[in-house]
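Here's the structure, in structure tokens; my notes come after.
Computed from heavy atoms alone, side chains included, the values below leave out hydrogens, waters and symmetry copies. Lettering of chains follows the sequences in order, A, B, ..., and the numbering in each one begins at 1.
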Amino acid sequence: MKSCATHHLTDEELNLLENNSVTVLFKKGEPIIKQNALSLNVAYLRCGMAKIHLQGPTREKILRVVKAPTFLGLPTSFGEKINQFSVSAINNAEVCFIDLSTFRNLIFSNGKFAYELILELCRNELNDYFRYASLAQKQIPGLVAETLLCFSEKLFNKTDFTMPLTRSEMGDLIGTSRESVSRVLSEMTQDKIIKFDSNQISILNIEALKKISEKG
DNA sequence: GCATTAACCACAG
DNA sequence: CTGTGGTTAATGC
């Protein structure tokens with residue numbers, strides 16, 4: 001499983017990468033990167049999904065939910081010896097840990113590789129900007145709708161999927177209480193916009209969901 | 001004032 | 001872990 005960035009590596013560089021990395025399997029819920037722990041690696045998620053989260057001033061905050069293939073923890077791997085946030089497996093995951101100095105040397109020596117990394121970081125940052133605006137200005141139904149659409153369109157590419165987060169985690173993701181998430185989901189079910197049995201979610205009326213997301 | 005929104009608490013599956 | 005109901009505080013019209 002290669003990323004866009006690793007396509008730009010030569011065979012020699014790929015060998016270097018493989019010889020200085022190790023693959024580890026994680027089960028659902030297990031921590032991959034721990035906030036406040038020392039790290040000398042870059043992590044690359046080969047399979048599965050993960051949540052990027054940290055301990056906020058008052059409670060847990062989920063920053064993003066990502067799926068393979070993607071690098072994990074790049075914002076904290078350079079310039080910081082101590083991890084500034086955590087990453088945990090959402091379902092079973094396969095992660096490749098790459099020696100940081102080896103990785104750094106590849107950035108120095110291969111501009112195209114570095115450029116692809118910058119592209120990914122930019123895409124992520126831009127995406128976060130839009131999310132900040134939503135979080136600050138949308139009401140909870142709009143945020144829940146946005147989250148469901150995001151999971152459906154970006155993570156699963158289906159209108160029918162298993163929500164891997166608990167209600168409480170969804171609350172931590174959009175900055176609200178688990179109760180509010182439950183209530184909004186119940187209301188959307190009553191209005192026949194979605195359907196769910198435990199965590200199996202089906203989007204029945206995507207137009208209505210988009211409208212709720214837009215109107216906030 | 002009155003309505004809306006959403007948090008916090010409590011209790012039951 | 002979830003869903004619901006009661007209560008309360010803040011904000012808007």
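In this structure, the CZ atom of R178(A) is 11 Å from the P atom of dC8(B), given to the nearest Å. Summarising the geometry, the separation between CZ on R183(A) and P on dG3(C) is reported as 11 Å, rounded to the nearest angstrom. Taking atom CZ of residue R59(A) and atom C1' of nucleotide dC8(B), one finds them 11 Å apart after rounding to whole Å. Rounded to whole Å, atom P of dA7(B) lies 11 Å from atom CD of Q139(A). Nucleotide dC1(C) holds its C1' atom 12 Å from the NZ atom of K28(A), rounded to whole Å. For the pair E187(A) CD and dT4(C) P, the computed distance is 10 Å after rounding to whole Å. Between the CE atom of M170(A) and the P atom of dG3(C) there is a distance of 10 Å, given to the nearest Å. What separates CG of L185(A) from C1' of dG3(C) is a distance of 11 Å, to the nearest Å.
Applying the 4.0 Å criterion to OP1 and OP2 of dG3(C), one finds that R167(A) has a side-chain N or O inside that range. OP1 or OP2 of dA7(B) lies within a sub-4.0 Å distance of a side-chain N or O belonging to S180(A). A close approach under 4.0 Å does occur between a side-chain nitrogen or oxygen of S186(A) and OP1 or OP2 of dT4(C).
Side-chain atoms of E179(A) and base atoms of dC9(B) include a donor and an acceptor less than 3.5 Å apart.
At a threshold of 4.0 angstrom between heavy atoms, the contacts of T176(A) are confined to the sugar-phosphate backbone, with no base atom among them.
For S177(A), whose side chain is taken as the heavy atoms from C-beta onward, the closest listed nucleotide among dA7(B), dG5(C), dT2(C) is dA7(B).
For F113(A) and F108(A), the ring centers sit 6.0 Å or farther from each other.
Between the side chains of T162(A) and N199(A), no donor-acceptor pair is found at a separation under 3.5 Å. Side-chain contact of N41(A) with S39(A): a donor-acceptor pair under 3.5 Å is absent, judged by distance alone.
Geometric assessment of R123(A) against the ring of Y129(A) yields a negative cation-pi assignment under the 6.0 Å and 45° thresholds.
Taking the ring-ring contact (aromatic ring centres under 6.0 Å, His included) definition, one finds that F161(A) meets it with F156(A), sequence neighbours left out.
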